[in-house]
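Below, all heavy atoms of this structure are taken into account, side chains as well, without hydrogens, waters or symmetry copies. In this text, all values refer to a predicted model and were calculated from it rather than measured experimentally. Residue numbers count from 1 along this sequence.
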Amino acid sequence: MVDVKEATDIVLSNLFKPSVTRVDLNDAYGRILGEAIKADRDFPPFNRVAMDGIAIWYDEWKSGRREFYVEETQSAGQPQKSLRDVQNCMEVMTGAILPEGTDTVIRYEDISIQGNNATILIDKIEEGQHIHTQGQDAKRNDVLLTPGIILSPAEIALLASVGVSDVPVFAFPRAAIISSGDELVEITEIPESHQIRKSNTYAIDAAMKAIGWEGTEYHIYDQKDFVIESLKVIAENHDVLIVSGGVSKGKFDFIPEALESIQVKKLFHHVSQRPGKPFWFGVSKKGKVVFALPGNPVSTYMCFYRYVMPWVLKSLHVEYQQQHAILAKDFKFDPKLTYFLQVTVKNENGKLMAYPDAGGGSGDFANLKKVTGFLELSLDKNQFEAGEVYPYFPFRN
Ligand SMILES: Nc1nc2c(c(=O)[nH]1)N[C@H]1C(S)=C(S)[C@@H](COP(=O)(O)OP(=O)(O)OC[C@H]3O[C@@H](n4cnc5c(N)ncnc54)[C@H](O)[C@@H]3O)O[C@H]1N2
Ligand code: MOO
Ligand SMILES: [Mg+2]
């Protein structure tokens, strides 16, 4: 048996090495960037007019000139024009390149134009005002985006502006989501009185989809040779196996020995935690990673969020930031196990307050619909006081 920290360290030191694939920019939202992206030009690429108005040569204003003859108009999308005479001005539009021979922009609101003459109405202007200077935000060849970033609308805009239409993203490990157990039937079936419909694999599949990951679902019956043969075939075609059930002490819990018989080396079995104590983790010679999660629905669910999610994010170079929340009510837990306490977190004046809602044990997955995640309560204590801060693993935003 290992503790939660040891289990975490072992899981996170057996990462998957992702390859890079390309997706259309329109499908890149939410994917994980696989290569650094550099600026192909300065940002902005030219001195960009930032307000509609006129552009002047500042020294003329400084030396007392208030009236400027309007030579012509520089609109957005036109090649750069030149001011012929520094005593004049040019009308300029937001997004236009700043005309040569000008260095300062004055808004229409601050001038009046009569015929071809613009008169400045304000007393104070600053040299260079209302110009978004070339290279001000980033220089050509600057790294704009680093691998491991989860692409949000902000990054999509940057990718578009540097012309990346085929976005390099990390390929997720090919995952098998495996349920086990003779009591489980398909969701389209009417279960007999001793049967239940599968639900764990659906939950795992959905949790994976939330980060853009997909898996293939399999089911294994409780027959030893069948378990061995199935796992062998599945392992050949996937990088990671996420098994649910069949890992405890039951007569038909064949998963651990079946995995070892197909040369998946056990790195730990049993973690001092509740739920999820019978969690088994191993790696094959070929580097296939196996998470054999305890079958009780809440155990499968929590172990997925506590171990599989950080493992895949770290494998794909995502900077994973551990969240924390404040326990809102005292809580007592006696066994010498790390306890994953189901909570509903509410943001109260900027503080994340976690209200315990422990539910009815690891079979009570109906409780998961009421909570937002779990707090990790350390095994070296049994009395947890309101106001204390604990690691928080959210299931939802
Ligand atoms: N003698 C002991 N018995 C048990 C122990 C123990 O330490 N000693 N640990 C208990 C704990 S804790 C857990 S958790 C479970 C883990 O059991 P398994 O991993 O072997 O899972 P199963 O026996 O196959 O199933 C347990 C439970 O979960 C239901 N299940 C399984 N898969 C699914 C699915 N895909 N969808 C919905 N529900 C599923 C299954 O029907 C069982 O009710 O062992 C305890 N026993
Ligand atoms: O892992 Mo078990 O979930 O404690 O029932
Ligand atoms: Mg069992």
Side-chain angles (χ1 to χ4, degrees), residues 2-12 15 30 32 150 175 177 200 202-213 240 242 244 268 271-279 281 291-316 318-329 331 333 335 337-348 351-362 364-381 384 386-397:
V2 293
D3 66 23
V4 169
K5 183 179 181 317
E6 289 161 334
T8 306
D9 290 345
I10 293 169
V11 166
L12 296 183
L15 299 177
I32 299 165
I150 299 178
I177 311 170
N200 291 354
Y202 287 89
I204 293 173
D205 186 67
M208 288 167 68
K209 283 210 174 88
I211 56 163
W213 191 12
V240 56
I242 306 166
S244 157
F268 61 77
V271 183
S272 52
Q273 62 185 15
R274 181 174 297 165
K277 190 170 163 196
F279 175 22
F281 179 77
F291 294 87
L293 311 178
N296 271 331
V298 179
S299 305
T300 297
Y301 201 77
M302 289 196 174
C303 288
F304 182 87
Y305 280 97
R306 179 63 183 76
Y307 298 99
V308 185
M309 200 63 126
W311 173 83
V312 72
L313 293 177
K314 193 165 185 212
S315 294
L316 271 53
V318 176
E319 227 165 276
Y320 180 81
Q321 219 193 2
Q322 180 62 55
Q323 296 193 35
H324 290 84
I326 303 166
L327 187 63
K329 288 199 170 128
F331 189 81
F333 181 73
L337 298 169
T338 298
Y339 186 56
F340 298 149
L341 170 65
Q342 294 175 58
V343 293
T344 296
V345 162
K346 294 181 185 163
N347 189 327
E348 292 171 2
K351 288 183 177 168
L352 295 184
M353 303 303 296
Y355 290 87
D357 186 353
S362 57
D364 176 17
F365 62 106
N367 199 63
L368 294 171
K369 73 174 193 296
K370 297 191 290 171
V371 296
T372 59
F374 67 85
L375 286 192
E376 184 173 311
L377 303 183
S378 40
L379 91 172
D380 48 13
K381 282 175 47 162
F384 302 89
E388 291 171 352
V389 175
Y390 291 100
Y392 172 55
F393 292 81
F395 304 140
R396 54 180 107 232
N397 292 324

* **Pairing residues for Lys329 by the side-chain hydrogen bond (donor to acceptor under 3.5 Å, both in side chains) criterion, not counting sequence neighbours** => none
* Would you find a donor on one side and an acceptor on the other, under 3.5 Å apart, between the side chain of Thr344 and the backbone of Lys370? -> yes
* Structure fact -> Heavy-atom nearest pair, Ala207 first then Met309, reads O-CE, 3.7 Å
* Taking the side chain as C-beta and beyond, is there a heavy-atom pair between Leu316 and Trp213 under 4.5 Å? -> no
* Result of checking Val343, Asn367, Leu368 against Asp357 for side-chain contact (heavy atoms from CB on, under 4.5 Å) -> Asn367
* Contact summary for Ala354 and Pro356, nearest pair of heavy atoms -> O-CD, 3.5 Å
* **Smallest separation among heavy atoms of Gly295 and Asn200, with atom names** => O-ND2, 2.7 Å
* To do: Mind checking side-chain hydrogen bond (donor to acceptor under 3.5 Å, both in side chains) for Ser299 and listing every partner two or more places apart, or none if nothing turns up?
  => none
* Set of residues satisfying ring-ring contact (aromatic ring centres under 6.0 Å, His included) with respect to Phe365, sequence neighbours excluded -> none
* Taking side chain as C-beta onward, heavy atoms only, is Ile177 less than 4.5 Å from Met208? -> yes
* What residues, two or more places apart in sequence or in another chain, satisfy side-chain hydrogen bond (donor to acceptor under 3.5 Å, both in side chains) together with Thr372? -> Tyr392
* Parallel, tilted or perpendicular: ring planes of Phe340 versus Phe374, cut at 30 and 60 degrees -> tilted
* Asked: Taking the six-membered ring for Trp, is the centroid-to-centroid distance between Tyr305 and Phe395 below 6.0 Å?
  -> yes
* Give, for atom CD1 of Ile10 and atom NZ of Lys5, the distance between the pair rounded to the nearest 0.5 Å. => 10.0 Å
* Heavy-atom closest pair, residues Leu327 and Met353 -> O-CE, 4.5 Å
* Asked: Parallel, tilted or perpendicular: which fits the ring planes of Tyr307 and Phe279, with parallel below 30° and perpendicular above 60°?
  -> tilted
* **Side-chain donor or acceptor of Thr338 paired with backbone N/O of Ser378 under 3.5 Å** => no
* To do: Mind checking ring-ring contact (aromatic ring centres under 6.0 Å, His included) for Tyr320 and listing every partner two or more places apart, or none if nothing turns up?
  => none
* **Gln342 to Ala358 - nearest heavy-atom pair and separation** => NE2-O, 3.2 Å
* To do: Look up atom CD in Gln323 and atom CZ in Phe393, then write down how far apart they are to the nearest 0.5 Å.
  => 9.5 Å
* Asked: Between Val4 and Leu379, is any pair of side-chain heavy atoms under 4.5 Å apart?
  -> no
* Taking only residues two or more places apart in sequence or in another chain, which ones pass side-chain hydrogen bond (donor to acceptor under 3.5 Å, both in side chains) with Ser362? -> Asn296
* Does a side-chain heavy-atom distance below 4.5 Å link Arg306 with Glu376? -> yes
* Asked: When rounded to the nearest 0.5 angstrom, what distance separates CH2 in Trp311 from CG in Leu15?
  -> 7.5 Å
* Asked: Would you say the ring centroid of Phe281 lies under 6.0 angstrom from that of Phe268?
  -> yes
* Over 12 non-hydrogen atoms of neighbours within 6.0 angstrom of CD in Glu319 -> no
* Structure fact -> Taking every heavy atom of Ile204 against every heavy atom of Ile242, the minimum-distance pair comes out as CD1-CG2, 3.9 Å
* Go through Tyr339 and Phe331 one step at a time and tell me if the ring pair (Phe, Tyr, Trp, His ring centres under 6.0 Å) criterion holds. => CA-CA 11 Å; Tyr339 186 56; Phe331 189 81; 5.7 Å; yes
* Any side-chain heavy atom of Cys303 within less than 4.5 Å of one from Gln273? -> yes
